[in-house]
Structure formats: C-alpha cells, structure tokens
Amino acid sequence: MIEVSGLTKVYGSITAVRDLSFRVEKGEIIGFLGPNGAGKSTTMRILTGFTPATSGVAKVAGYHIEDHPIEVKRRVGYMPENVPAYGEMLVSAFLRYVAAVKGVPRGDVGREVGRAMERCGLGDMANRVVRNLSKGYRQRLGLAQALIGNPPVLILDEPTAGLDPKQIIDIRQLIKSLAPEHTVLLSTHILPEVTMVCERVIIINRGQIAAQDTMHNLTGGDSESLEVEALGVSDTITPRLKAIGDVTKVETLGGGRYRVVSPRGKDVRGAIVQALSGSECSLVGIQRKGRTLEDVFVEAVAADRGGVE
Amino acid sequence: MRSTLAVCRRELSSFFTTPVGYVILGTFTAISGLAFALTFIQFCRITVSPADHGYEGIPNLEELMISPYLVFCGQLVMFIGPLITMRLLAEERSRGTMELLLTYPLRDREIIFGKYLASLGIVIAMMTVVSVHMCIVGCYTDVEPAVLWFGMFALFLMSAAFMSLGLFVSALARSPVTAGVLTFAMWFISYVLGTYGKDLPEHLNSPVAWGATVSRGIEFFWGIFRKLVIELPLDRHCEQMAQGIVRPQDIAYYVLFVAFFLFLTFRALESRHWRA
Ligand SMILES: Nc1ncnc2c1ncn2[C@@H]1O[C@H](COP(=O)(O)OP(=O)(O)O)[C@@H](O)[C@H]1O
Ligand SMILES: [Mg+2]
C-alpha cells in the first residue's frame, strides 16, 4: 500500500530524512518509532503530499505522490501532529466541510459524519465549538477527520501525544480496530505503544532507518535467551553449555557471564544446573533475558552514537 | 466546483462566526452611511439655492453626488479590504490548517478560487449596503440608470481587483498581520500615487550640460514613470465608469489586474514544491 525508496528530505543544512526505504502492506499496522527530531513527521508529510521530497520515490496505493497527488490524497486519511483545526467551527460543521472537500457524495455526508463521530466517540460533542474541546477530544477530532471518506490508508502522526492514560487506551483500541480494513502508519516516540498496537515496527533515528521488522522478530523471534553466571574457567564452561541438547548458541559476555540461546518454549534451566554441577565450575545464577523492544530501540538509536549515552 | 464552494463556505462561515465579519461590515455600513448622508444633505442644500454655492442652475445629481460617492465607497472597500484578505491563506498557515487543506484531495485552483470567491462574497455584502443607499436616492429623484449600473459595476471591479492583490499577499505571508499590513501599505501607496500623480510635471528638465542624448533618455523614462503613476492606481480607472462612461481599457485594466494577481497567487502556492 505504501512504498518508499531512497526518500531524502533536506531543509537547508539539515537533512531531516536520509535515504529511507520501506514498504507497508495492505491491512498492516506499522509503527514508526523514533526519538524527537528523528524525521517521523517529515516522512509522513511527504507521504501525504504536504511537502515534496528532495529525492527518492514514494508511492501510495500504487500512485506516485509527485505525479498523481490528488489520487494519493483521495486514498489517504492524515492526522497531523498537534491536530490543527478551525477553532471557531462546530465539530459537526467542521466534519461536514471535510466530507464535502473529500468528495463524499452529497446525500451521504450526514451518515458519513455520524459514522466518523460515532467511531471516535465524538457523539456528544457534535455541537461543541472546536476551540473548546479538551485535548483528548481534539485528538479524536483529528482522527475523525482522517476517517471521513473511509480512505484505505491512514497516516497518524503521534495520535496519542498529550493524552491521559485512559484516553490513550481508548485511542489505541480504536486504532487497533481499524486494522484489517485500513492500512495504518502511525508514529510515536512511546515504546509500549508500538508493542501494544503494531504488528511491525520501523525504528528511525536521525532520518535513517535503524531497524525494521515484525515485533516478533525484533524481540527475539523463535528463540529465547538466558543469562548464566558461573564461576570457573570459560574453556570448560562453554563446551558444557553447548553440549546441552536444546541450546542453539552460547555467547561469552565476560565477567563469568554467558548468554545461552534456546528455542522458545524449551526450558533448559534444569539442564544447565546439571551441566555445571561438576567440580571445575559452579553455577551462581540464571536469569531470563527476554529482549524487549526497548533493548532493540536503545541499541538501534545508540549504535550511531558509539554507545549508550 | 463543489470543493471550491465548500472552501468558500467555510471561509465565510468563519468570517461570520467570529466578530471580525460583523465589525468589518458594521464599520463599512457606518462610514459609507455617514458619507452618503453628508453628500446627500449637501446636495439638497445646493439644489435649494444653487447661486449661493456658485452654481448656475441646479447641478447634475449624478456628477456631483452619485459618482463621487461610489468612488469613495470603492476607496472604503480598499481601506477595509486588508482585514478581509489577510486571513484568507495566511491564517491557514499560521494556525497550521494549511497542512489539512493541502492534504485533502483539493487542487490549487479549488483552494484559490474558493478563497477568492469568499472575499467577493464579502464585497457583495458591502455593495448591498451601497445599493440600499442608491434605492434611497431613487425614492426621491430619478437617477440616470447608466450611472447607477456602471457605477456599481465599477465599484465591484475595483473591489474585486483589490481582493486579488490581497489574496496574493496573503499567499506569501506567514501571519495574517503581516499580510494585512503589507496589503494596507500597497493600498496606501496606490492612493497617494493616485492623488498626487496628476500633479507630476509632464516634462522633466535636465541641465543642458548633460547633453541631448542623456536628457532625451531622462525624458523618455520620466514619461514612462509618469504614465505608470497615473495609470496604475486602482481607483483611477473607475472614475469614468462611475459616471456611466464605459471604456474598454478600464474594464480590461481590472480584468488583467485580477488575472495577474490570481496567477501570482497560483505561483505563490505552488512555490511549496520548490521552496524549502
Ligand atoms: N520546515 C522545516 N524546516 C526546517 N527544518 C525542519 C522542518 N521540519 C522539520 N525540520 C527538521 O527536521 C528534523 C526532523 O523533524 P521531524 O520530522 O519533525 O521529527 P519527528 O517528527 O520525528 O520528531 C528535525 O531536526 C527538524 O528540526
Ligand atoms: Mg513529529
């Protein structure tokens, strides 16, 4: 649904996005994760046709953004960061305007606006003035205007920014419910959000992709690892650990610590205790080391800074 | 077409759900009403005793009152105009809604024509006030229809031309205030040029010592400059029309003026593709 290759955006002396390439398939929810200033919003603005790219190609639903901007815009619902809106308008009037501009047939406008408000929990707010909406409802309004016209692709820039925990849960649920029908690209700098909502993550840092994969693969895939601490000579410990049936990999971490990788679901702790119960070495501790997205993120982001700051 | 109207309607609804619209129309009604009452009373005084005011016989109503009043209304529209046009595009930019506008499936022309149409809508609201005044005159005396119709037409053309200039400035500016001040400054320059341009000497004498070629060159450029100063101001081309005399060059001037500034507005909006 979204195809990006070699996308670069230069603002004067700042390169906001550098040689970005990724694909989003139909019906996926993709998380765009990165620290502030990473280039998330810039990428989204290019994908929605708001700013042109300096170089590179971006296609949405098979259409080139530069060549067929209207075709792309018809298929994309966009919720910009901070949700700009016309403060003096009524919520329902604003959404009716959006429907007209997006070319919703005249007779369907009322139903379409009703559907979007319903879906975003704005039902009671129809006759409120946009300016007076609380942050949470303004965010919903942003989502509602993106949903108007039922576009197949949704691009949401930090949809949960500035919300309280309850509102965040609501919005996440809402986004999850969009999934099979819509293709969703959402950006966030909040880690757990991605874990909860997205199937696939693109970690972006300083305008470049630092990692991209499914949640499953990023957090270790089909294997799990244990950190084993043992006293003794590593030359004797390592072969003993490797000799255990289900162990696929052993890494020496130094300081008497070893990482033992085994297939997910196989408990090898008992085997490790037995293997290291000889006289030349003694087991001091075993710890489960699930790789969280946080580890991946910190690794990815820290990589080009030469270590964790 | 529907999108254009939607953009226009939204603009007008914003205009009239905030006090701005009422303040602008109220100011226009008050000032034009005052000017109308004063000129009307003055004219009535003159007709009672023409000799006291230095007229032989009853002077011409259209020439003395209607036409100058309509031209004045045009000046007034242009004076208030920056308040109308400054919001059009600059406000979308300053409150960030430009990001919505430019990511909805709208073509540039739908945005620009929608906005321009909205400004014309307000011009027409103002002209309704003026036409009420004209009806009042019509109740008391016969008015030459040509003066009435072409006068209103001239008022509309002049206002529409000014709105296109304002729209262009609004397309460039980052904030409505900048747009407003710049547009006002342009009106003011045009007004000053229009007022004093006619007094510019026809020939500019240069010292004999500079030689014939130089002085001919100076003469040449002075001629162009003088012509521009006289012909460019917006109010200049409505004086004749407001008296019922229609000259094609006057109409062409306004049509070209609108076309030129709408063209520049397109370029200004498109500039996002190559700027920054
Ligand atoms: N209009 C702009 N002009 C100049 N620099 C910009 C502009 N927009 C963004 N940037 C710069 O580009 C970089 C990426 O910004 P952005 O995409 O907003 O990051 P994110 O959304 O990931 O926080 C930042 O360094 C920012 O300062
Ligand atoms: Mg951002």
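Everything numeric here is computed off the predicted structure, so don't read it as measured data. Every chain is numbered from 1 and lettered A, B, ... according to where its sequence line falls, protein lines coming before strand lines.
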Review point. Checking B:Leu5 against chain A: side chain, backbone, both or neither under 4.5 Å from a heavy atom?
Key: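 Contact with chain A: none, neither part.
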
Review point. What part of B:Glu92 lies closer than 4.5 angstrom to a heavy atom of chain A: side chain, backbone, both or neither?
Key: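 Answer is side chain: those atoms of B:Glu92 sit under 4.5 Å from chain A.
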
Enclosure of [X] [atom1] (heavy-atom neighbours >12, cutoff 6.0 Å):
X	atom1	value
A:Lys135	NZ	yes
B:Phe79	CZ	no
B:Phe266	CZ	yes

Point to revise | CE on B:Met98 to CZ on A:Phe50, rounded to 0.5 Å | key: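 Going from the CZ atom of A:Phe50 to the CE atom of B:Met98 covers 7.5 Å.
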
Practice item. Give a yes-or-no answer on whether the side chains of A:Gln145 and B:Tyr104 include a donor-acceptor pair shorter than 3.5 Å. Key: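 Yes.
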
**Study point:** Side-chain donor-acceptor pair present, B:Ser14, A:Glu88, cut-off under 3.5 Å
**Key:**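 Yes.
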
Do [X] and [Y] touch side chain to side chain, with heavy atoms closer than 4.5 Å?
X	Y	result
B:Arg272	A:Pro52	no
B:Arg95	A:Tyr86	yes
B:Thr17	A:Met89	no
B:Thr103	A:Val76	no
B:Glu99	A:Tyr78	yes

**Study point:** Side-chain (A:Lys73) to main-chain (B:Leu102) donor-acceptor, under 3.5 angstrom
**Key:**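 Answer holds: yes.
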
**Study point:** Proximity breakdown for A:Ala100 and chain B, heavy-atom pairs closer than 4.5 Å
**Key:**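 The answer is both parts of A:Ala100.
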
Review point. Which bit of A:Arg106 comes within less than 4.5 Å of chain B, counting heavy atoms only: side chain, backbone, both or neither?
Key: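 For A:Arg106, heavy atoms of backbone and side chain both lie under 4.5 Å from chain B.
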
Point to revise | Neighbours of chain B found in residues 116-133 of chain A - heavy atoms under 4.5 Å | key: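 The residues closer than 4.5 Å to chain B amount to none at all.
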
Exercise for review: Go through A:Gly77, A:Pro69, A:Gly103, A:Pro84 and name the one with the most non-hydrogen pairs under 4.5 angstrom from chain B.
Suggested key: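 Looking at each of A:Gly77, A:Pro69, A:Gly103, A:Pro84 in turn, A:Pro84 comes out on top.
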
Exercise for review: Taking all non-hydrogen atoms of both residues into account, name the closest pair between B:Pro105 and A:Val101 and its distance.
Suggested key: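 Where B:Pro105 meets A:Val101 most closely, the heavy atoms are CG-O, 4.0 Å.
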
Check your understanding: Do you know which two heavy atoms are closest between A:Val109 and B:Arg2, and how far apart they sit?
Key ->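 That closest heavy-atom pairing would be CG2-NH2, 3.6 Å.
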
Exercise for review: Among B:Gly114, B:Ser3, B:Ala6, single out the residue with the greatest number of heavy-atom pairs under 4.5 Å to chain A.
Suggested key: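 Of B:Gly114, B:Ser3, B:Ala6, B:Ala6 has the most heavy-atom pairs under 4.5 Å with chain A.
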
